[in-house]
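Here's the structure, in structure tokens; my notes come after.
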2 protein chains.
Amino acid sequence: MTTLHIVDDDEAIRDALGWLFQSRSVPVAGWASAREFLDAWTAETAGCLLLDIRMEGMSGLELFDRLRAQGCRLPVIFLTGHGDVPSAVSALKKGARDFVEKPFNDNDLVDRVIEALAFDAEQRAREAGQAGVAARIASLTQRERQVMELVVAGRLNKVIADELGISMRTVEVHRSHVFEKMRVKTAVELTRLLTSAG
Amino acid sequence: MTTLHIVDDDEAIRDALGWLFQSRSVPVAGWASAREFLDAWTAETAGCLLLDIRMEGMSGLELFDRLRAQGCRLPVIFLTGHGDVPSAVSALKKGARDFVEKPFNDNDLVDRVIEALAFDAEQRAREAGQAGVAARIASLTQRERQVMELVVAGRLNKVIADELGISMRTVEVHRSHVFEKMRVKTAVELTRLLTSAG
DNA sequence: GGGGCTATTGTGGATATCCGCAGCCCGTCT
DNA sequence: AGACGGGCTGCGGATATCCACAATAGCCCC
């Protein structure tokens with residue numbers, strides 16, 4: 001679910017933030033340590049992260065680094081009591097979404113969280129489309145993938161046959177299988193599908 | 001030229017930074033006020049910007065906003081004596097490249113500037129390619145543009161003829177003109193050209 | 001009025017693409 | 001052994017695309 005995940009080792013703060021966001025209809029989950037969230041997180045975890053920087057054990061910054069290293073793309077908002085400019089700058093340059101100092105303004109923080117949630121939702125919608133394409137690509141045989149690459153590179157069947165050392169007819173067969181599996185009807189559609197998804 | 005543009009109303013600082021960067025073989029230009037740079041800047045200005053935040057008259061932040069509003073994409077590094085976290089965060093979120101507090105470490109600053117210069121060079125190379133494509137598109141007639149869009153959308157000539165209410169032969173002629181002017185040989189190449197440039 | 005650009009259409013032929021029908025080889029799983 | 005999937009190939013026909021040659025028409029500019 002699309003949830004605000006609050007990671008802070010201070011229970012009082014988690015509760016206060018929990019109340020704040022629940023009163024604004026933002027679903028909240030609380031985590032008492034970086035480790036806890038790091039272990040619980042999966043690729044399906046949606047929403048955004050509100051991360052205290054200073055915590056017992058693993059710091060918020062370290063959690064952030066580890067999450068990114070594991071491929072987590074969740075938008076992260078740092079929360080800090082005594083933020084220094086260099087760490088804020090470096091966090092943002094590393095891809096954090098925001099950096100907020102305590103004491104914060106309730107409305108301001110809520111706005112930033114809602115922005116981040118919307119961003120995550122959009123990002124997920126984009127990636128969902130790409131994942132569908134990736135699945136179709138995965139269903140291709142190796143030969144079909146080879147042919148597809150050459151088709152998308154703009155080669156004619158004749159040339160493809162030559163490059164792969166097979167007959168034109170075989171290329172046509174693979175090509176048609178590719179179109180079918182990728183659910184397109186022309187090479188142009190295929191190209192759009194692949195270049196938009198990366 | 002790819003130059004570091006230093007905007008600071010303190011001549012002593014401009015000089016000091018000038019020496020620092022010239023000693024590292026980084027071409028430097030100094031500007032005594034935001035207004036001066038704002039007036040002198042053109043789309044051809046390459047390199048990066050080192051911007052003091054607190055200045056007489058227009059502040060660095062305001063200059064930044066105005067430049068972006070005018071379409072300037074130069075990477076900007078802010079330099080500030082007493083940076084507060086919120087302004088650093090907001091500058092970065094608005095697209096500034098970096099935010100450095102004085103006193104700064106010489107080597108560190110030089111590194112950041114060199115990074116920014118490299119970024120600008122890459123960005124310019126990308127845009128140069130896109131500009132070439134844009135110029136070719138501009139050389140098309142309206143009809144040719146219409147046909148091109150439908151071709152890139154994956155439509156067959158027959159369908160295009162139908163949608164435009166003209167004969168297939170005419171579509172073929174336009175299509176061939178498009179290929180010629182866009183310097184491609186197949187619809188797939190055209191599609192790649194247009195989807196990569198946006 | 002003539003020249004140039006754009007848009008339009010036709011004829012006809014060379015290529016390319018799209019497909020169904022058929023058959024062969026090979027490795028895997030049952 | 002037999003079934004199945006993947007890869008390879010040939011034949012032939014329906015479509016589509018690519019092009020040279022040829023022509024008509026409106027518009028703008030010199």
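What you see is a predicted model, and the numbers here were worked out from it, not measured in a lab. Lettering of chains follows the sequences in order, A, B, ..., and the numbering in each one begins at 1.
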- Take B/Glu172 and A/His174, find for each the nucleotide of DNA chain D with the closest heavy atom, and name the residue whose nucleotide sits nearer the 5' end. A/His174
- Query: Are A/Lys158 and A/Asp162 within salt-bridge range, i.e. N to O under 4.0 Å?
  - Reply: no
- Base, sugar-phosphate alone, or nothing: which one does B/Ser167 contact when heavy atoms must sit under 4.0 Å apart? sugar-phosphate
- Note on the structure: Which of D/dA16, C/dT17, C/dT8 is nearest the side chain of A/Met168? It is C/dT17
- Query: Between B/Lys94 and B/Asp65, is there a salt bridge with N-O shorter than 4.0 Å?
  - Reply: yes
- Task: Mind calculating the distance between NE2 (A/His177) and C1' (D/dT9) to the nearest angstrom?
- Result: 14 Å
- Task: Using whole Å, report how far CD of A/Glu144 lies from P of D/dG5.
- Result: 13 Å
- Atom CG of B/Leu150 to atom P of D/dT17: distance rounded to whole Å? 13 Å
- Rounded to the nearest angstrom, tell me the gap between atom NZ in B/Lys185 and atom P in D/dC19. 10 Å
- Could you check which of C/dT9, C/dC18, C/dT15 has an atom nearest any side-chain atom of A/Lys158? C/dT15
- Task: For C/dC5, take OP1 and OP2 only and decide whether either is under 4.0 Å from a side-chain N or O of B/Thr141.
- Result: no
- Message: Students often mix this up, so state it plainly: with edges at 30° and 60°, are the rings of A/Phe78 and A/Phe99 parallel, tilted or perpendicular?
- Response: tilted
- Where each residue is assigned the nucleotide of DNA chain C containing its nearest heavy atom, which of B/Gln142 and A/Ser176 is assigned the position nearer the 5′ end? B/Gln142
- Item | Nearest-angstrom distance from the residue atom CZ of A/Arg143 to C1' of D/dT9 | 13 Å
- Nucleotide of C/dA16, D/dC11, D/dT9 approaching A/Ile166 most closely (side-chain heavy atoms): D/dT9
- Message: Judged by each residue's nearest nucleotide on DNA chain C, which is more toward the 5′ side, B/Val171 or B/Ser139?
- Response: B/Ser139
- Where the side chain of A/Arg175 is concerned, which of D/dA16, D/dG7, C/dT17 is the nearest nucleotide? C/dT17
- Which whole-number value in Å describes the distance from A/Leu156 CG to C/dA14 C1'? 14 Å
- Message: Output the rounded distance in Å from CZ (A/Phe179) to C1' (C/dC18).
- Response: 10 Å
- Note on the structure: Of all heavy-atom pairs linking A/Asn107 and A/Arg24, the shortest is OD1-NH2, 2.8 Å
- Item | Euclidean distance, atom CG of residue B/Leu140 to atom C1' of C/dA7 [Å, nearest integer] | 15 Å
- How are the rings of A/Trp31 and A/His5 set to each other: parallel, tilted or perpendicular (split at 30° and 60°)? tilted
- Message: D/dA16, OP1 or OP2 - any side-chain N/O from B/Asn157 closer than 4.0 Å?
- Response: no
- Query: Does B/Arg169 get its side chain close enough to the base of C/dT11, under 3.5 Å, for a donor-acceptor pair?
  - Reply: yes
